[in-house]
Amino acid sequence: MMESQEGQPLTLAKLRERANLTQMKLAVALDVSITTISEWENGKTEPRLKHVRLLIEVLGCTFEELCEAFDQVKRRE
């Protein structure tokens, strides 16, 4: 399991914060609604493949980090 620098499990919100982005800025960068970002962060929905590629680019993370972030949300449920 990957962890953030604070020793906490890696989440989409942590990846977003690491990239110094608000939910709104990320939503604008991906051309989605802020509700969509919130739903992804809370595990209600998952991004489509085209958004996965953009998330990796915009957040400056690896595919593995992004997968781990979404797996963390599933573990909380």
Side-chain angles (χ1 to χ4, degrees):
M1 173 188 339
M2 294 183 194
E3 294 185 347
S4 66
Q5 290 153 339
E6 305 87 38
Q8 297 293 318
L10 204 56
T11 63
L12 183 58
K14 286 195 180 10
L15 289 173
R16 177 178 52 75
E17 290 164 3
R18 187 175 77 182
N20 294 315
L21 293 170
T22 62
Q23 284 185 336
M24 180 57 79
K25 287 182 180 177
L26 183 56
V28 169
L30 298 177
D31 195 27
V32 298
S33 70
I34 193 169
T35 303
T36 298
I37 300 299
S38 178
E39 288 176 348
W40 291 346
E41 289 186 358
N42 292 308
K44 292 182 181 168
T45 61
E46 291 185 351
R48 294 178 180 211
L49 189 56
K50 68 178 183 176
H51 292 123
V52 168
R53 289 195 304 257
L54 284 171
L55 279 165
I56 291 167
E57 184 179 320
V58 172
L59 296 175
C61 66
T62 65
F63 177 74
E64 290 77 16
E65 287 175 317
L66 193 60
C67 289
E68 177 65 25
F70 282 104
D71 283 347
Q72 279 303 319
V73 175
K74 289 180 183 173
R75 284 190 199 115
R76 284 188 289 172
E77 295 174 348

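Not counting sequence neighbours, Glu57 has no partner by the side chain to side chain contact (heavy atoms under 4.5 Å, CB included) test.
The hydrophobic cluster containing Trp40 also contains Phe63, counting ILVMFWY residues as joined when their side-chain heavy atoms lie under 4.5 angstrom apart, directly or transitively.
Taking a cutoff of 4.0 Å between a charged side-chain nitrogen and a carboxylate oxygen, Arg18 and Glu65 qualify as a salt bridge.
Looking at heavy atoms from C-beta onward, Glu64 lies out of side-chain contact with Glu68 at the 4.5 angstrom threshold. Contact of the Arg16 side chain with the Glu41 side chain is registered, since non-hydrogen atoms from C-beta on lie closer than 4.5 Å. Residues Ile34 and Leu26 form no side-chain contact, since every pair of their non-hydrogen atoms from C-beta on lies 4.5 Å or further apart. Taking the side chain as every heavy atom from C-beta outward, Val32 and His51 approach each other to under 4.5 Å. The shortest side-chain heavy-atom distance between Leu54 and Leu59 does not fall under the 4.5 Å cut-off.
Considering Thr36, Ile37, Leu30, Leu55 in turn, Leu55 is the only one that fulfils the side-chain contact (heavy atoms from CB on, under 4.5 Å) rule with Pro47.
In plain terms, the two heavy atoms of Leu15 and Cys61 that are nearest each other are CD2-CB, 4.0 Å.
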